[in-house]
Structures are given as structure tokens and as C-alpha cells.
Amino acid sequence: MNPELPPNHLDKPVDDAYDHTLGPADAEITLVEYGSYADAPSRSAHERVAELRSRFGNRMRYVFRHRPLAGSKIARRAAELVESHNNSGRFWDLHVALMSRSDKLSADDLCTIISDLKLEGNKEAGQEETAERARDRVEADIASANASGVIVTPTFFINGRRYDGPWDVRSLSEAMLGSLGHVVHAAALDFAKWAPSTGIMLLLATALAVVLSNSALGPDFNEMWEQRLGITFQHSAFELSLRHWINDGLLVIFFLVVGLEIKREFTVGHLAERQSAMLPIAAAIGGMAVPALLYLILVPSGPPMAPGSDGTDGAWSYGWGVPMATDTAFAIALIAMMGKRVPVELRVFLTAAAIVDDIGAIIVVAIFYSGELHIAYLGSAVAIAGLLALLNKGGVYRASPYVILGIVLWVFVYASGIHATLAGIILALFIPTRPPPNLRALMLQADAILTAETRRGREVMHYGPSEPALEALDAIHDRLESPAARMLRHLAPRSSFLVLPVFALANAGVVVETSVFSEHIPLMLGTATALVIGKPLGFITATVTAVRLGFAIKPDAYSWRQLGGAGALAGIGFTMSLFIASQAFPEVSDYAAAKIAIFGGSILSAIIGVAILWNAQAEEEKNP
């Protein structure tokens with residue numbers, strides 16, 4: 001559910017016949033810079049590049065591509081000036097002159113450089129053609145920069161991958177040499193930024209859980225999750241099984257992230273405007289209501305009670321919440337893997353609908369799948385929520401008070417009988433936001449601090465910036481983001497790549513036995529059918545109704561058929577469906593049957609959704 005991240009690789013490889021290069025073509029390190037002649041950072045980087053070329057020699061090939069400073073006519077003129085000379089030596093003479101001329105490039109500087117390098121007598125035939133070629137070349141470099149995810153100048157690419165670290169020589173050298181730490185860090189970032197990565201992690205954890213559960217290690221694997229862990233103080237003890245610590249404790253991080261995403265979407269995201277919000281809201285409501293109704297119609301209240309059975313008549317009826325949920329990670333991963341076959345607007349729609357779906361799932365869990373209420377603890381939880389509200393209202397922007405009170409809130413919510421994961425949503429509501437900062441003022445402040453530090457001479461070279469300077473820089477850094485945005489940025493990857501895979505590992509394991517199938521056919525068929533048929537039926541019915549009643553508008557970017565394909569993908573009900581099933585079915589065999597139905601229904605929904613979206617694109621290509 002995170003915003004789309006820019007690409008971090010070169011959109012086109014280095015071509016010695018096209019690019020401006022220094023160094024051998026077979027060099028082991030290729031450093032590409034997108035820079036501008038009219039900004040100080042690029043000129044400063046020019047000095048760093050000279051040091052790097054001196055250090056690495058023939059091991060390094062340097063490539064310069066244009067990305068003139070936006071809105072600067074002088075930057076564009078300078079870039080076109082150097083491109084108007086085909087001679088490689090002339091290009092680099094002009095490049096060095098422009099980069100080292102003055103702190104702020106001016107028209108007079110261009111005239112002086114032209115005069116000094118005796119360029120006025122350039123009577124090259126077809127000057128208009130040359131000027132047009134230079135403009136086209138600069139435009140091509142700008143398009144390449146945008147396609148490569150370049151936001152600022154200079155931006156460096158080391159062997160094709162964007163470098164986002166500091167520009168000092170030591171940091172660049174370590175990245176260029178490819179130290180183990182840098183390689184591992186870069187690979188991890190690449191995987192994390194790949195859209196299907198979360199879904200793949202969940203799939204691997206699920207497959208591992210199923211394989212281990214059905215192997216010789218199965219009994220030990222399942223028993224491991226039942227180990228009791230807790231705190232003992234004198235004669236009192238607070239203990240939970242490892243699985244409960246994960247489901248009731250660790251999963252709070254997931255719900256906290258969901259809450260922060262909900263807040264973002266309703267304030268500055270896709271749900272902030274009524275026209276944009278109504279269609280996914282309608283789809284989510286229909287996608288929750290229809291599967292639940294279909295489940296109640298198809299699934300009997302429970303199996304007949306056999307003599308001596310521990311089962312409870314009517315237990316199956318509590319599972320109506322299982323097919324309501326959508327697993328966003330898997331659904332978005334499949335859409336991302338189909339690339340341009342699926343419009344970006346459809347991905348936005350499904351993401352927004354999944355967020356509303358999460359709200360519904362949370363409400364269902366809190367109301368229908370919680371235990372007996374204990375008013376005293378519930379009152380304490382309300383009091384803690386009141387303290388969180390006071391902190392928010394009082395403008396407390398440090399995260400630590402909210403984290404401490406959040407832990408206390410979790411304890412009281414758990415003790416009250418309401419499902420403890422609701423504490424994550426409550427905490428998210430009170431994590432403060434604030435208006436965007438004045439970036440220019442902060443930049444000037446940081447520049448003033450660093451400039452003052454450089455005047456300290458040798459001391460700053462040996463020991464680095466002073467403590468007061470670092471504290472002031474920390475304060476500036478803190479102001480760049482609101483606490484809610486910062487917490488979401490830090491917690492979202494941990495939720496996706498740690499919390500959810502661990503949850504899947506602890507809950508997705510199921511022993512596949514013939515008795516499960518023979519005794520639970522109605523439960524399994526009803527659950528799978530509610531996911532596979534109920535979700536797209538609910539999506540289409542609710543959105544068509546909302547559009548015809550004038551409550552919502554469907555974008556032209558995707559067709560009704562594609563919206564139906566998104567509805568089919570919404571039938572992938574993995575994470576939240578497993579979670580609700582764990583609350584709805586205390587009987588082991590019932591829970592196992594529900595898990596198998598969730599897996600089967602989710603796989604079938606994925607196949608149907610991909611087939612619909614794939615063929616829908618093919619039809620559009622045939623009939624433009």
C-alpha cells in the first residue's frame with residue numbers, strides 16, 4: 001500500500017558511441033552522473049569525481065549525462081553549448097570550464113568561456129542542424145534521467161544502479177568497490193522496492209509452514225508454536241503461547257501500519273477527496289457484505305454432534321467473517337507482475353479498496369471475535385487513549401511517549417477482552433501529523449550550521465561536527481517528516497518482511513488429511529465459493545450501483561471487465577482470513593479445513609483475476 005517508488009536503475013545502458021565517457025570501455029566500475037552546470041552541488045561533485053578518477057585510474061569509466069536544473073535557462077544553454085561540439089576533447093574542455101568557472105553560472109560566464117576556448121570562430125556547416133541536434137541530445141538525457149528515477153542533481157549510478165548515499169569520496173569509493181555490506185544492503189533495497197516482494201515472502205513462509213507441518217518434523221513444528229512464554233512476578237504470571245504472542249502481540253505492528261496508512265489515505269491520499277473515495281469504498285463494502293452473506297447461505301451451522309465429540313453445534317456459523325478480507329500484498333503483487341497490462345489507476349483503486357476492507361475487518365474482529373468484556377480494564381484502556389489524545393493535542397512530536405503508552409494500551413485492551421490488535425489501530429489514530437515544513441528555511445539553517453562548523457578547521461576534520469551542531473541537525477531532520485509519516489516509513493518494511501511472514505509461518509501450517517476433507521466439505525466449499533464468487537460479485541454489484549446512483553464515478557482508465565478482474569484478485573483472502581479463522585474456529589479440525597479452503601479459494605481467485613486482466617488487455621490491443 002506504499003506510494004509508487006521511483007526506479008533505481010539506468011533506463012538505458014552506457015553506450016560509448018553515444019555517451020560522453022572518460023576511461024576504458026572494459027573498466028570494472030562505471031560511474032554515471034546526471035548533472036547540471038548551473039547548480040553548486042554538481043560543481044562540488046565535479047571535484048569529487050576528479051579525486052575518484054585519480055584514485056581508481058583505468059579501473060573506472062566516468063560518464064556524464066545532462067539533467068539541467070529545472071527552470072534555469074542558463075543551465076539549459078550551457079548543456080546545449082557543450083553538445084554543439086562533436087569533438088570529444090572539445091566537450092570535456094567545455095565541461096571542465098563550466099564546472100569550475102564560478103559559484104553561480106551566468107550569461108557572462110558563458111561568453112567568457114566561449115572567448116577563452118576560441119569557440120566564436122566555429123563556422124561549422126549547418127549551424128541550425130547542429131543546434132537542433134544539441135537540443136535533442138539534452139532532451140534525450142532529461143528523459144533518460146526521469147526514467148531512471150533522478151530527482152536531484154547530481155545523481156550517480158554505479159554499474160547501472162542508482163547510488164543514494166553521501167557524495168564524499170570515501171562513501172562513493174566504498175560503494176564503487178562493492179564491499180560486502182554495501183552489496184547486501186543494495187540487494188536488500190532492490191528486493192524491498194520490487195512490488196511483488198511482500199507477496200513472495202508471504203508465499204515462501206506459507207509454503208515452508210505447509211511443508212514442515214506435513215513432514216516428519218510436523219509434530220515438533222506445531223508444538224513449538226504452543227510453547228508458553230511470559231513474565232512471572234512473585235505469585236502472578238502473564239503467559240501466552242508463542243502463537244498467541246505473534247497473533248495478539250506481534251501482529252499489532254501490522255495493525256499499527258494499517259492504521260497509519262488509513263490515516264494517510266484519508267488525509268492526503270486516494271481517499272481524501274469524495275469523488276476519488278466513493279468508488280473504492282463502495283467496492284470494499286460490497287466485497288465484504290456479499291461474501292459474508294454467501295457464506296451464511298452455503299455453510300451449515302455446524303456438523304452433527306457425535307456422541308463423545310468435543311465439537312459444538314453451530315460453530316461453523318461463526319466463520320462468516322473469514323471470506324470478507326482481502327490480502328493486499330498478494331493482490332498488488334500480481335497486478336505489479338502484469339506490468340503495463342494493468343492500468344496504474346486500477347492498482348490505486350484496488351489498494352484504496354483494500355484499505356477500506358482492512359477497516360471493516362478490524363471492526364468485525366473487535367466486535368464479533370473478541371472475548372468477554374471486563375469493564376475495569378476497558379475503562380483503563382479508554383483512559384490511556386485519553387492520554388494519547390492529550391499528547392497529540394499538546395503537540396508532543398516525540399515518538400517515545402506514544403510507544404510507551406501504546407504498550408500499556410495493548411495490555412489493557414488485551415485484559416479487557418477486546419482483541420489486543422485493536423490497540424495498534426487506536427495508537428495510529430493519535431500518532432501526530434503536522435503541516436509540511438518550510439524546506440528552504442531548513443536548508444538555509446542546515447547550511448549555516450555546516451558552514452560554521454567548517455570554520456573550526458582541523459578540529460572538525462579530526463572529530464567531526466560538534467555536539468550542539470549535531471543536535472541542531474537532528475532537530476532539522478526530525479522536522480522534515482511528521483511523526484506519523486516517519487513511523488509508517490520505518491514500520492511498513494518491518495511489517496511486510498518480518499511480521500507478516502512470521503504470522504504466516506505460525507498460522508499457515510496445516511496437516512493435509514483425508515478426514516479433514518471428508519468431514520468438512522460444506523465448510524470448505526462454502527468458504528472457497530464466498531471468496532472466489534462473492535468478492536467479485538460484491539465488487540461489481542456495489543460499484544455499478546454507486547455509479548448509477550451518482551455517488552461515484554468510474555475512471556475511464558480501466559474498463560468494467562478490468563474492475564471485475566480486480567474484484568477477483570480481492571478474493572485472495574490470505575492474511576486477514578487466516579487471522580479471523582483462528583478466532584472463529586477453536587476446533588483444530590475446523591481451523592485446518594478453513595485454512596485449506598482459504599488456500600484453495602485464494603489460488604483460484606488469483607488465477608481467475610490474472611486471466612481476466614490479461615485477456616482484457618489483449619482485447620484492447622486487438623480493438624484500439
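Please read these numbers as outputs of a predicted model, since none were measured by experiment.
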Side chain to side chain donor-acceptor pair (under 3.5 Å) partner of T575, chosen from N507, D327, T206
D327

Could you tell me whether the side chain of [Y] reaches within less than 4.5 Å of the side chain of [X], counting heavy atoms only?
X	Y	answer
M324	V364	yes
W167	F156	yes
V138	R76	yes
T30	I158	no

Check this for me, if you would: do [X] and [Y] make a salt bridge, where the nitrogen-to-carboxylate-oxygen distance has to be below 4.0 angstrom?
X	Y	answer
R135	E139	no
R489	E481	yes
R65	D19	yes

Output every pair passing salt bridge (Lys or Arg N to Asp or Glu O under 4.0 Å) with a member in residues 275-298, not counting sequence neighbours, ordered by first then second residue.
none

Keeping S602 on the side-chain end and F599 on the backbone end, is there a donor-acceptor pair under 3.5 Å?
no

Does the separation of the ring centres of [X] and [Y] fall below 6.0 angstrom?
X	Y	answer
F157	Y34	yes
H20	Y18	no
Y369	F579	no

Is NZ or CZ of R434 both nearer than 6.0 Å to the six-membered ring centre of Y397 and within 45° of the ring axis?
yes

State whether F539 and K535 meet the cation-pi test: NZ (Lys) or CZ (Arg) under 6.0 Å from the six-membered ring centroid, and within 45° of the perpendicular axis.
no

With sequence neighbours left out, what residues match F430 under ring pair (Phe, Tyr, Trp, His ring centres under 6.0 Å)?
none

Does the side chain of S144 come under 3.5 Å of the side chain of D141 through a donor N or O and an acceptor N or O?
no

